Number of protein chains: 2
Amino acid sequence: MSDQKTTHDTRDRILDIAERLFMENGYEATSMRMITGAAEVNLAAVNYHFGSKEALLREVFRRRLSWLNRERLQALDRLEGQAGGAPLKPSQILEAFFGTLLRMGEDEALGGMTFLRLLGRTLTDPAEFIRNFFAGEYAEVIDRYKLALFRALPDVPKAEIVWRLHFMLGAMSYAIAGTDVLQVVTGCGLGDLAGESGSDGPGDLVVARRLAQRLMPFLLGGLRAPLPQSIDLPSQQQEPSR
Amino acid sequence: MSDQKTTHDTRDRILDIAERLFMENGYEATSMRMITGAAEVNLAAVNYHFGSKEALLREVFRRRLSWLNRERLQALDRLEGQAGGAPLKPSQILEAFFGTLLRMGEDEALGGMTFLRLLGRTLTDPAEFIRNFFAGEYAEVIDRYKLALFRALPDVPKAEIVWRLHFMLGAMSYAIAGTDVLQVVTGCGLGDLAGESGSDGPGDLVVARRLAQRLMPFLLGGLRAPLPQSIDLPSQQQEPSR
DNA sequence: TTAAGATTCAAACGAACGTTTGAGCGAAGT
DNA sequence: ACTTCGCTCAAACGTTCGTTTGAATCTTAA
């Protein structure tokens, strides 16, 4: 029973618990009383330290994404410095972007698989304040990596690259969310490796490494797939009348 | 008997409105009063016709997924009948599985892009009753297609195929969800094509076709990507910089 | 016409929600 | 010693939630 409580003790305990509960139940289905109860702090502590429930979710993400954004930009800077003006290889860009994220899943101090799962599940949340928040947090990094891919694949139309970046983000987001129907049906996949509900399976490090090992070749294969042959809509032109 | 005006009028109006509102706000953030208000029916109508809010969501999905499951199984039956015992081509399997779904997005009578977006956003919902429901609905179809892929790719380890099916589901789910950060940052992608917020952009047919045209080559490229070289965890212990 | 069943309706239920309040506490600062 | 300030606390705020109720209204068939 350590009675020693400082300011950051309460703040960080709220953030850690909220991160886990938001991941397990989603934002709307997680109440302030669930969070403060599990964190063993007073109900009013969240509003005192963060201002509101929305601001708490933002802070949960901000403390992780600020590290991730910095790391992703540094990785790209490093690669471009080594290349000395030449375009990067697509595999290098993907490794810097997705590898950096998946390496967060290996380190519990950076949130581990708990944060990765939360991120994957929250990226498809339709709530407006969430989407606005992510848009602001991701803007700079997305733009830098998008331009790097444009230079790495000069023969591919830019719109096509954006589409495939979109698909790659989706495959990763869904994979780290760990809610796939396959996992329940086949008993195989991320959930099987993670041992989500209590049972101590392999640790976050092993889970994240195995996932990265499977995901990266898939993403690269998709990015380099042959372009669709027909330019746009096929022959028949069907217009919804009125 | 055939005149089902009163009953199915209310029932179907509730289902249509609920489908749209669940898509726009998510399950938890959509209240019964929002649904019954927009559908112009009494608040008690949902509990009378469906029993509960959870049962309403299940019915919203069931009326679409029963059609989708039937169509997907028939498509696979047709292909296997034509092949006469020989393994199918992976592209045929993907076309039957993903093409059938994306064709739902073209037809407003089958839910159109509204249902596709709802499906993509709900597949990552952590609520237990939702995941159990999807597991039951998808079990048979997933199993059939999984086996078809095993036979189509006899040289690829089965675990690897399951992983890649997992990734393909993710890319599709995320793409049809239409909540990608790319759309807000770059103003390009599904949301741009869809004109989600009121403005009449291209119809569902055009949106779904363009999406399918871009997604299918990506999925095929990912599925056929070279296998990861190392069997499991590498030797080096890499520490993320802080 | 009339009785029975199906559907709609306004109103209310208890519970849970996010947030606010004002008193109380303990360790600095002067 | 006394004030200040950061923080915690129990209690309550007003609102909204999903659900239930019982009477009113409509539909249907004998």
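Everything quoted here is computed from the prediction, not taken from an experiment. First the proteins, then the strands, lettered A, B, ... as listed; each starts at 1.
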Would you tabulate the nitrogen or oxygen pairs shorter than 3.5 Å linking the protein to nucleotides 20-25 of chain D?
none

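- Contacts of A:R72 classified as salt bridge (Lys or Arg N to Asp or Glu O under 4.0 Å), with partners at least two apart in sequence or in another chain: none.
- The interatomic distance linking A:N25 (CG) with C:dA16 (P) rounds to 15 Å, in whole Å.
- A heavy-atom distance below 4.0 Å to DNA chain D is reached by these residues of residues 29-36 of chain B, ordered by number: B:T30, B:S31, B:M32, B:R33.
- C:dC17 atom P lies 13 Å from atom OH of A:Y27, rounded to whole Å.
- For the pair A:D9 CG and D:dG6 P, the computed distance is 19 Å after rounding to whole Å.
- Checked against side chain to side chain contact (heavy atoms under 4.5 Å, CB included), B:Q74 has the following partners two or more places apart in sequence or in another chain: B:R70, B:E71, B:R78.
- Atom CZ in A:F50 sits about 11 Å away from atom P in D:dC7, given to the nearest Å.
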**Message:** Apply side chain to side chain contact (heavy atoms under 4.5 Å, CB included) to residues A:V41 and A:Y48 and explain how you reach the verdict.
**Reply:** CA-CA 12 Å; A:V41 301; A:Y48 175 79; over 6 Å; no
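- Atom CG of A:L116 and atom CG of A:L211 lie 8.0 Å apart (nearest 0.5 Å).
- A salt bridge links A:R20 to A:E24: at least one charged side-chain nitrogen sits closer than 4.0 Å to a carboxylate oxygen.
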**Asked** Given A:I161 and A:K146, is the side chain to side chain contact (heavy atoms under 4.5 Å, CB included) satisfied, shown in steps?
**Response** CA-CA 8 Å; A:I161 294 179; A:K146 207 181 56 180; 5.6 Å; no
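- In terms of the ring-ring contact (aromatic ring centres under 6.0 Å, His included) criterion, residue partners of A:Y27 (sequence neighbours excluded) are, by chain and number, A:F22, A:F129.
- Nearest to the side-chain atoms of B:Y48 among the listed nucleotides C:dT8, C:dT19, D:dT19 stands C:dT8.
- Remark: A:T10 is in phosphate contact with D:dT8, judged by side-chain N or O atoms under 4.0 Å from OP1 or OP2.
- Computed from coordinates, the B:E40 CD to C:dA10 P distance equals 13 Å when rounded to whole Å.
- Side-chain N/O atoms of B:H49 include one lying less than 4.0 angstrom from OP1 or OP2 on C:dT8.
- The side chain to side chain contact (heavy atoms under 4.5 Å, CB included) test with B:L15 is passed by exactly one of B:R63, B:R62, B:R64: B:R63.
- Residues passing the side chain to side chain contact (heavy atoms under 4.5 Å, CB included) test with B:T124, sequence neighbours excluded: A:T124, A:Y174, A:A177, A:T179.
- Rounding to whole angstrom units, CD of residue B:E28 and P of D:dC17 are separated by 12 Å.
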